[in-house]
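Basis for what follows: all heavy atoms, side chains included, without hydrogens, waters or symmetry-related copies. Chain A is the first sequence line, chain B the second, and so forth, proteins listed ahead of strands; every chain is numbered from 1.
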Amino acid sequence: MADITLSLPDGSQRTLPDGATGADLALDIGPGLAKAALVATVDGIERDLAVPLPDGATVSIVTADSDAGLYTIRHSTAHVLAQAVLDLWPGATYAIGPPIDHGFYYDFLLPEGATFSPEDLEAIDSRMREIIALDQLFERHETDASGAMELFEGHPYKREIIEKVSEGDGGAELSGEAGASGVLSCYRNGDGFVDLCMGPHVPSTGRLGHFALQKVAGAYWRGDESQPMLQRIYGTAWASKKDLAGHLHRLIEAEKRDHRRLAVELDLVSWPESLGPGLAVWHPRGALIRKLIEDYSRERHEAGGYDFVFSPHIAKSILWETSGHLDFYADGMYPPMEMDGATYYPKPMNCPFHVTVFDSSQRSYRDLPLRYFELGAVYRYELSGAIHGLMRSRGFTQDDAHIFCTREQVPAELASLLEFTLSVLRAFGFDDFQAKLSTRPEGKAVGEDDLWEMATDGLRSALETAGLSYVVDEGGGAFYGPKIDVDVTDAIGRPWQLSTIQLDFNLPERFGLEYVGSDGERHRPVMIHRALMGSIERFFGVLLEHFAGAFPAWLAPEQVRILPVAAEHQQYAESIRSSLGDRGYRSTVVPADEPLGKRVRAGKVTKVPHILVVGDDDVANSTVGENARGADSPERDLPLDAFIERLADEVATRV
RNA sequence: GCCCGAGUAGCUCAGUUGGUCAGAGCAGGCGCCUUGUAAGCGUCAGGUCGUCGGUUCGAAUCCGACCUCGGGCUCCA
């Protein structure tokens, strides 16, 4: 029998007998690797370990250390979930079950419209662990469309996938379910369970086990509202018990940062039932933080060459007809109001108003670019199920601006705009950005080709000049122009999409906007929509979660809390408050009606950046005892002037 | 809007199979204590158990509808 020669990722070569599999190769390299091996990457394609390797192939053994390995574990765990559910619910059918970030899900349709209850998860979990204990092999089989149709008799969703795949129309949402190009593969394990699947899978169920079923949810078949609602089970799966525990711990930590919880605990915002879904009131401490955010935004825009404008909350239907919102966006708009024989709509966007400001007089190229800024409150009819605290509500305030410029000005304008955007976000403690460039969609798009090209190039070079990493969403732009979206990563690694910079070739056309060029001719300006924080309310929520409620001193509603040790130190405490106040810092004095320890604790729980304790020594020497937020131990005998200097520096540098 | 789940004092939560089950801690008021760095002591007040119906001799507890919230799906031109 001839031997085969294989190349490893490190460039070395190994010779194995013909017919050797990935598992054989792993064992040949070492027993430790054989034990850890999950799948093999053969010439760049992931394969089951049981597949014989072709001569001359480049092969790497994938373990749980890699994303691909984890992905396989999650995918295989999803199969076991389906196996357990089909065992426990005779008559149930299954749809798709892909791996996702941190885990997997699987969609089912239970007989007679039954649904999963959270208690069912325990039974499913137990059954899954039994299957894993049996260490069943995942065995791959290949067939053709008619064989597959026969195999999945009685499982309409699988058959629908088979049809789609056979037509070569699998589509991204079905990827992973079956192979391309006419060959359909499926995996069997145990004595009857089979699933349509492209694979690969771990060698056997015994390689799984560090998983947890998390929640049940409804999900439309193929994500389509007009399709039946399936029952989805979500789970998480990891390579080790430790990784699983770590993930569950992170989830608990994230829950502690939930802005809805912190907003109530810190007395910032509340959602009284009497207001209606998605509508909040801002308490003094929350409103103060919000005001500081807005003040900073205004300050930066003023310095950044923006003109401030204001616009009303409602306007007649003619405005929304001209802008096209009533054609394209009516479902998202609040219903109309009839007044004096006219129809008014609450505004879902500020842009048409800013357009009317531009259009209020004749513009020369000398006037451009014109940048109109407004903290504009808009109202959108969000589906009730989509509402989420401050992150998604039916009324919110955009830090919105519209820039009107000439075509020639577009590249420079975009470059400085992106720079400006990042600079403002950095001031709030974000320094990890990820951008997305969305380009011209196929089909109906307005604007000439060269305009699209120029604008898209402008966006791309702005990203490159800023040194921002970005992905390209080919065809992901709106019909009216390309855009950049900027995500920030928060303190616990979660991405939040905040900023958007969007070209618009449509509105200037619809409103017939013009300026007079140096050639004396009339030209159409280009319009750029942009928001840095997006929604002020949502941005506040993101900051609240990012800082876990511990706002930096420049944003903290109460920067300093002064605690006299006893009543006789009250006057000294008041004098400190007064001098801090004179310098523009926010402080309070909590009198000695309660024990010191209790007052210190109250200050810590409220996340005040600086707690000052003052007693006899301090009165005598003009010092303070400082207990800083996050400090291990208090610092005694700090000269008051030194403390003020420290605070001033902290506020000025926004740390 | 659709699927699942949850609603008990301002907050966090207990309330076994429907029968003194309307409770606790924190927060709040009052009194005592006069305090050197994360909860001093006592005492008082607070809830139509989300709302409205129904079952029952009896409902926080069982059923239905609605409202609100949560997790998903969808949506976010």
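Checking the phosphate oxygens (OP1, OP2) of G36(B), no side-chain nitrogen or oxygen of K598(A) falls inside 4.0 Å. Look at T115(A) and you'll find a side-chain N or O under 4.0 angstrom from OP1 or OP2 of C4(B). For G70(B), the OP1/OP2 oxygens have a side-chain nitrogen or oxygen of R260(A) closer than 4.0 Å. Phosphate contact (OP1/OP2 of G71(B), side-chain N/O of H388(A), threshold under 4.0 Å): present.
Considering only side-chain atoms of L383(A), the nucleotide from A39(B), G36(B), U74(B) that sits closest is U74(B). Checked against G72(B), U68(B), G70(B), the side chain of M229(A) finds its nearest nucleotide in G72(B). Closest contact between the side chain of P595(A) and the listed nucleotides G36(B), G40(B), C73(B) involves G40(B). Nearest to the side chain of D617(A), among A38(B), G70(B), G36(B), sits G36(B). Side chain of K215(A), nearest nucleotide from C73(B), C4(B), G71(B): G71(B). Residue R636(A) has its side chain nearest to U37(B) when only U37(B), U74(B), G71(B) are considered. Comparing C3(B), C73(B), G36(B) by their nearest atom to the side chain of Y234(A) picks out C73(B). Taking the side chain of E225(A) as heavy atoms from C-beta on, and the options G1(B), A38(B), C69(B), the nearest nucleotide is G1(B). Taking every side-chain heavy atom of V605(A) into account, A38(B) is the closest of A38(B), G36(B), G72(B). With distances taken from any side-chain atom of R601(A) to the nucleotides G40(B), A38(B), G1(B), the minimum falls on A38(B).
Between G50(B) and C11(B), the distance separating the two P atoms is 13 Å to the nearest Å. Taking atom P on both nucleotides, A65(B) is separated from G5(B) by 12 Å, rounded to a whole Å. Taking atom C1' on both nucleotides, C33(B) is separated from G42(B) by 11 Å, rounded to a whole Å. Between A39(B) and G25(B), the distance separating the two C1' atoms is 11 Å to the nearest Å. Comparing the same atom, C1', in G10(B) and in G28(B) gives a spacing of 9 Å after rounding to whole Å. Nucleotides A24(B) and G31(B) place their P atoms 23 Å apart, quoted to the nearest Å. Between A38(B) and U74(B), the distance separating the two P atoms is 49 Å to the nearest Å. Taking the C1' atom of each, G54(B) and A9(B) are spaced 28 Å apart, rounded to whole Å.
Using the six-membered ring where Trp is involved, Y334(A) and Y379(A) have ring planes that are perpendicular, over 60° apart on the 30 and 60° scheme. Taking the six-membered ring where tryptophan is involved, the planes of H402(A) and H529(A) are perpendicular, since the angle between them exceeds 60° and thus also 30°. Using cut-offs of 30° and 60° on the angle between ring planes, the pair W89(A) and F116(A) is perpendicular. In this pair, F540(A) and W282(A) present their aromatic rings perpendicular. The plane angle is above 60°, beyond the 30 to 60° band.
Between the side chain of R222(A) and the base of C73(B) there is no donor-acceptor pair of N/O atoms closer than 3.5 Å. The base of G36(B) lies close enough to the side chain of D618(A) for a donor and an acceptor atom to sit less than 3.5 Å apart. Side-chain N/O atoms of Y220(A) and base N/O atoms of G1(B) include a donor-acceptor pair closer than 3.5 Å.
Nucleotide A6(B) forms a pair with U68(B), judged by Watson-Crick or G-U wobble geometry with both contacts under 3.5 Å. The partner of A59(B) is absent, by the rule that a Watson-Crick or G-U pair needs both atom distances under 3.5 Å. Judged by Watson-Crick or G-U wobble contacts below 3.5 Å, the nucleotide G23(B) has C13(B) as its partner. Across all strands shown, C73(B) is found opposite G1(B) as a Watson-Crick or G-U wobble partner, with both distances under 3.5 Å. Pair check for C30(B) finds G42(B); Watson-Crick or G-U wobble, both atom distances under 3.5 Å.
Between H610(A) and F643(A), the distance from one ring center to the other falls under 6.0 angstrom. Outside the 6.0 Å centre-distance limit, the rings of Y94(A) and W221(A) are not counted as a close aromatic pair. For F108(A) and Y106(A), the distance between ring centers is under 6.0 angstrom. Residues F479(A) and F328(A) place their aromatic rings such that the two centres sit under 6.0 Å apart.
Using a 90° window around 0 for the glycosidic torsion, G46(B) falls inside it and is classed as syn.
Put simply, CD1 on I387(A) is 18 Å from P on U74(B), counting in whole angstrom units. Going from atom CZ of R232(A) over to atom C1' of G72(B) covers 8 Å, rounded to whole Å. In this entry the distance linking CG of D107(A) with P of C3(B) reads 16 Å, nearest Å. Rounded to an integer number of Å, the gap from CD of E568(A) to P of G36(B) is 11 Å. Atom CZ in R599(A) sits roughly 12 Å away from atom C1' in G40(B) (whole-Å rounding). Per the geometry, CZ belonging to R394(A) stands 17 Å off P belonging to C75(B), to the nearest Å. Taking atom CD1 of residue I100(A) and atom P of nucleotide C73(B), one finds them 8 Å apart after rounding to whole Å. In this structure, the OH atom of Y572(A) is 20 Å from the C1' atom of U34(B), given to the nearest Å.
Using a 4.0 Å heavy-atom cutoff across all strands shown, A219(A) reaches sugar-phosphate atoms only and no base atom. Among the atoms of the strands shown, none is found under 4.0 Å from any heavy atom of P564(A). Residue G534(A) is classed as having no contact, given no heavy-atom separation below 4.0 Å to the nucleic acid.
Qualifying ring pair (Phe, Tyr, Trp, His ring centres under 6.0 Å) partners for W452(A), counting only residues two or more places apart in sequence or in other chains: F505(A).
Nearer to the 5' terminus of RNA chain B, by closest-nucleotide assignment, is the contact made by V614(A) (compared with the other of V614(A) and G389(A)). Two residues, D224(A) and S384(A), neighbour RNA chain B, and the one matched to the more 5' nucleotide by heavy-atom proximity is S384(A).
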Run the salt bridge (charged side-chain N to carboxylate O under 4.0 Å, His left out) test on E374(A) and K347(A) for me, step by step, so that the C-alpha distance in whole Å, both residues' side-chain angles and the decisive distance to 0.1 Å come before the verdict. CA-CA 14 Å; E374(A) 177 177 13; K347(A) 62 172 168 181; 3.7 Å; yes
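Contacts between residues 627-635 of chain A and RNA chain B, defined by a heavy-atom separation below 4.0 Å, involve N627(A), P634(A), listed by number.
A cation-pi contact, defined as under 6.0 Å to the ring centre and within 45° of the axis, is absent between K607(A) and F551(A).
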